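Remarks on the structure that follows.
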Number of protein chains: 2
Amino acid sequence: MLLGNEKPVTAADKTFILLRDDIVEGRIVAGSKLSETELSTKYAVSRAIIREAINRLEACHIVERKANVGARVVALSPQGLIELYQVRESLEGMAARLAAVNMTHEEIDDLMGLLQRHFDEVKDGQSYYQEAGDVDFHYRIILGSKNKHLISMLFDGIYHLVRMYRVQLGMAGPRVTTAYDEHKHIVKAIANRDAELAEMLMRRHIMYSKNSIEAKLS
Amino acid sequence: MLLGNEKPVTAADKTFILLRDDIVEGRIVAGSKLSETELSTKYAVSRAIIREAINRLEACHIVERKANVGARVVALSPQGLIELYQVRESLEGMAARLAAVNMTHEEIDDLMGLLQRHFDEVKDGQSYYQEAGDVDFHYRIILGSKNKHLISMLFDGIYHLVRMYRVQLGMAGPRVTTAYDEHKHIVKAIANRDAELAEMLMRRHIMYSKNSIEAKLS
DNA sequence: AACAATTAGTATGTCGACAATATAGCAGCA
DNA sequence: TGCTGCTATATTGTCGACATACTAATTGTT
């Protein structure tokens with residue numbers, strides 16, 4: 001899954017994305033060791049490329065590296081997921097706040113259109129959990145914040161980890177109808193340029209989502 | 001300045017820290033291009049080491065890299081500083097909230113001791129802006145959150161950028177007495193385990209700090 | 001004179017080999 | 001038998017050289 005407009009141009013870019021997705025999708029199991037030589041044969045590139053890819057994965061917190069020892073894929077734990085959602089709540093809350101100030105009318109209209117399509121799908125009974133739609137919703141609000149650091153942190157860092165948890169702990173969860181209502185209220189707050197409310201609603205939205213996942217884990 | 005307990009063991013580690021500090025302290029000017037060959041002679045290491053160091057700097061958002069073109073030190077702008085403080089407000093607010101829940105009594109006592117020493121210095125007329133003290137204060141609360149992602153984002157990422165702005169836009173600002181009061185109230189909220197209030201006060205504290213800097217820029 | 005294309009030059013991307021460090025296994029001793 | 005120290009092996013860290021892509025200067029054309 002390519003997020004944003006990351007266009008891999010160099011071999012290291014491509015290998016980074018391949019390796020990352022193999023990890024996120026669970027084809028390389030969490031907690032396992034990453035051998036540079038092994039990976040270099042597997043992906044048919046030199047060790048230097050693999051090293052660069054692993055370095056970037058470390059920056060995303062997807063792998064952990066110890067000097068002179070090697071790199072391991074991070075281990076997934078309930079505690080880790082909670083910490084991740086705490087950061088998400090904080091950052092996406094701020095994103096919603098900023099989006100209420102910085103999104104253009106056009107962007108807001110687009111967002112409402114997306115929400116309407118989402119609603120139609122729910123109405124048509126396709127009310128399985130639409131991850132793509134949900135991601136797209138959050139995606140646009142984060143971009144709407146117009147804050148470079150926020151965007152980068154969430155897309156390059158947090159997002160892939162969240163997806164890794166979703167995939168590997170198998171939560172293609174429900175929450176579709178309630179999530180729709182929450183999304184609607186958030187957009188309304190943004191359209192009203194109510195930054196305070198937008199942040200609060202987004203934080204609650206993510207908190208609910210966290211609670212739902214926590215409940216499923218226990 | 002070494003933050004946390006990053007112990008450079010490999011040559012790439014050392015070069016990364018040297019290069020980072022040269023940039024943060026302004027010995028390498030903001031916006032300038034980083035030539036790999038040039039740097040490799042300057043720091044007396046191979047180009048591979050320099051490349052790894054630059055990769056890590058890119059992960060910190062201290063340099064920007066374009067494929068097949070090269071890396072540049074980020075340019076400093078008022079807008080960039082504002083965006084940085086927006087992220088700080090969000091993350092450190094959450095850190096204070098979590099610290100109120102997760103800090104041990106001992107850690108809170110230590111924090112109060114630090115605050116007392118800070119107060120004594122202010123009383124003694126050494127009321128120039130104590131950056132080290134201020135940093136140490138925020139440092140402990142961030143650590144007190146016990147949230148790995150939060151800690152890493154702030155220390156490895158945001159912190160050095162903030163310092164870069166401070167150094168290069170020359171703001172060894174005042175705000176020492178008011179900042180002291182704000183710190184005191186934050187610690188009180190944490191000691192009372194009032195997460196809600198701790199977050200709110202921390203966010204206001206950072207907002208005030210941002211406003212003070214903005215005023216100085218215009 | 002101004003613009004386009006080609007070419008030379010320089011910087012980045014990639015590679016394979018060597019050096020240094022950690023881990024595991026084995027031998028020797030208490 | 002259990003522990004300590006050494007050795008061997010395998011993995012990571014580092015390096016210099018080659019391949020490739022961008023940049024800019026030069027030349028030719030309109």
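Because the structure is a prediction, the values reported are computed rather than measured. Naming convention: chains lettered A, B, ... in sequence-line order (proteins, then strands); numbering from 1 in each chain.
Counting only heavy atoms from C-beta on, A:V69 has its side chain closest to C:dA22 among C:dA22, D:dT23, D:dT14.
Atom CZ in B:R72 sits about 13 Å away from atom C1' in C:dA11, given to the nearest Å. Between B:L39 atom CG and C:dA11 atom C1' there is a gap of 12 Å when expressed in whole angstrom units. Spacing between atom CZ of B:R65 and atom C1' of D:dC22 amounts to 15 Å, rounded to whole angstrom units. Spacing between atom NZ of A:K7 and atom C1' of D:dA21 amounts to 19 Å, rounded to whole angstrom units. Rounded to a whole Å, the CD atom of A:E36 is 14 Å from the C1' atom of C:dC15.
Taking the charged nitrogens against the carboxylate oxygens, A:E36 and A:R65 do have a contact shorter than 4.0 Å, which makes a salt bridge. Between A:E25 and A:R20, no side-chain nitrogen of the basic residue sits less than 4.0 Å from a carboxylate oxygen of the acidic one, so the salt-bridge criterion is not met. At a threshold of 4.0 Å, the pair B:E92-B:R203 does not count as salt-bridged, since none of the basic side-chain nitrogens sits closer than that to a carboxylate oxygen. With salt bridges taken as basic N to acidic carboxylate O contacts below 4.0 Å, none links B:R56 and A:E58. Using a cut-off of 4.0 Å between Lys/Arg side-chain N and Asp/Glu carboxylate O, B:K33 and B:E64 are scored as not salt-bridged.
With DNA chain C read from its 5' end, the first of the two nearest nucleotides for A:V9 and A:N68 is the one closest to A:V9. Each of B:S35 and A:A67 lies near DNA chain C, and the nucleotide nearest B:S35 is the one positioned closer to the 5' end. Nearer the 5' end of DNA chain D, as judged by each residue's closest nucleotide, is the contact made by A:K33, out of A:K33 and B:K66.
A donor-acceptor pair shorter than 3.5 Å can be found between the side chains of B:H183 and B:D134.
Contacts of residues 43-57 of chain B with DNA chain C (heavy atom under 4.0 Å): B:R47, B:R51.
When the side-chain nitrogen and oxygen atoms of A:T10 are compared with OP1 and OP2 of C:dT14, one or more of them lie within a distance under 4.0 Å.
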